[in-house]
Chemist: 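Could you have a look at this structure, given as structure tokens, before my questions?
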Amino acid sequence: VGECRSVAGFYGLYNGLHLLLKTELYAELAADPVTGVNPASYLFMKTILAFFAFEMITYLYVSQVWGRSDSTLLIHHILGLAGYSIYLWSGIGFWWGVCLFTEEISAPFTGVSWVLSKLNKPHTVTWLINQWILVVVWVFFRCGIDLMLLGNYFVQLPRSFQILPYVSQAMLFVGTGTMALYLNPYW
């Protein structure tokens, strides 16, 4: 599971940076966040949906087998599954989805922290360095991108209302708002 989270984190970073830096791979998306779509973004959005389905199955399995559950993680996975399903169904607005998944770059660092805790090695130099990297990555990629996406959504609001299905807009606003104002600060 840890390896999958690491791959997803770096995959998200790779695609997200291409989008944010407006490289050729995602030039159409960056030019028009509301309607921009291309074959690479369709593949990426389908991969993200599969990732969230895998994560949800893993979460349910761990909850069942070990009797441990975390309601915030459950909310996160439900929002991911619902949000990416809705955007794939609508076929537009992929800019927000690709940017949002860049936040998963924090996954490898949370995984390392968890493993070191389970190995009874917290407060070692490795753990401390990982924690500092995690904090920086968390603030920039999780909190920063959430706020950037909400700001971009409000800038695009007049066009969004005319073009995007209301269910997509509600999911973007509720999902990103929940992440920005509740889940990310809580975690």
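Counting begins at 1 with the first residue of the sequence.
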Chemist: If I take atom CH2 from residue Trp89 and atom CD1 from residue Ile86, how far apart are they, to the nearest 0.5 angstrom?
Modeler: 8.0 Å
Chemist: Do the side chains of Leu149 and Phe154 join up, straight or via other hydrophobic residues, at under 4.5 Å, putting them in one cluster?
Modeler: yes
Chemist: Identify, with sequence neighbours excluded, every residue that meets side chain to side chain contact (heavy atoms under 4.5 Å, CB included) alongside Val155.
Modeler: none
Chemist: Applying side chain to side chain contact (heavy atoms under 4.5 Å, CB included), run through Trp127 and Val112 and close with a yes or a no.
Modeler: CA-CA 8 Å; Trp127 183 83; Val112 168; over 6 Å; no
Chemist: Are Ile129 and Val139 linked, directly or through other ILVMFWY residues, by side chains that come within less than 4.5 angstrom of each other?
Modeler: no
Chemist: Is there a side chain to side chain contact (heavy atoms under 4.5 Å, CB included) between Arg159 and Thr35 once you walk through the steps?
Modeler: CA-CA 10 Å; Arg159 284 193 66 232; Thr35 61; 4.0 Å; yes
Chemist: Please round to the nearest 0.5 Å and tell me the distance separating atom CG of Leu147 and atom CG of Asn152.
Modeler: 12.5 Å
Chemist: Check step by step if side chain to side chain contact (heavy atoms under 4.5 Å, CB included) holds for Leu150 and Trp96.
Modeler: CA-CA 9 Å; Leu150 286 172; Trp96 288 295; over 6 Å; no
Chemist: Report the distance from atom CZ of Phe94 to atom CG of Asn38, rounding to the nearest 0.5 Å.
Modeler: 9.5 Å
Chemist: Any link between Val135 and Ile145 through a network of hydrophobic side chains (Ile, Leu, Val, Met, Phe, Trp, Tyr) touching at under 4.5 Å?
Modeler: no
Chemist: Any chance you could measure Thr126, atom OG1, to Leu119, atom CG, to the nearest 0.5 Å?
Modeler: 11.0 Å
Chemist: Considering all heavy atoms of both residues, which atom of Asn130 and which atom of Ser113 are nearest to each other, and what is their separation?
Modeler: ND2-N, 3.5 Å
Chemist: If only atom types and distance count, is the side chain of Tyr84 paired as donor or acceptor with the main-chain N or O of Met45 below 3.5 Å?
Modeler: no
Chemist: Looking at NE2 of His76 and CZ of Phe52, how far apart are the two atoms once the value is rounded to the nearest 0.5 Å?
Modeler: 4.0 Å
Chemist: To the nearest 0.5 Å, what is the distance between CD1 on Ile133 and CG on Leu128?
Modeler: 10.5 Å
Chemist: Please name all residues satisfying side chain to side chain contact (heavy atoms under 4.5 Å, CB included) with Val136, sequence neighbours left out, ordered by chain then number.
Modeler: none
Chemist: Is it the case that the side chain of Ser41 and the backbone of Val37 share a donor-acceptor pair, with hydrogens and angles ignored and the cut-off at 3.5 Å?
Modeler: no
Chemist: Quick one: closest heavy-atom pair of Ser160 and Val34, and the distance?
Modeler: OG-CG2, 3.8 Å
Chemist: Check for me, please, whether Phe161 and Ile92 land in the same ILVMFWY cluster - side-chain distances under 4.5 Å, paths through other members count.
Modeler: yes
Chemist: Leu134: which residues meet the side chain to side chain contact (heavy atoms under 4.5 Å, CB included) condition with it, sequence neighbours left out?
Modeler: Ser106, Phe109, Thr110, Gln131, Trp138
Chemist: Between Tyr59 and Glu55, is any pair of side-chain heavy atoms under 4.5 Å apart?
Modeler: no
Chemist: With clusters defined by side-chain heavy atoms of hydrophobic residues (ILVMFWY) lying less than 4.5 Å apart, directly or transitively, does Phe140 cluster with Met148?
Modeler: yes
Chemist: How about Tyr42: does its OH atom have over 12 heavy atoms from other parts shown lying under 6.0 Å from it?
Modeler: yes
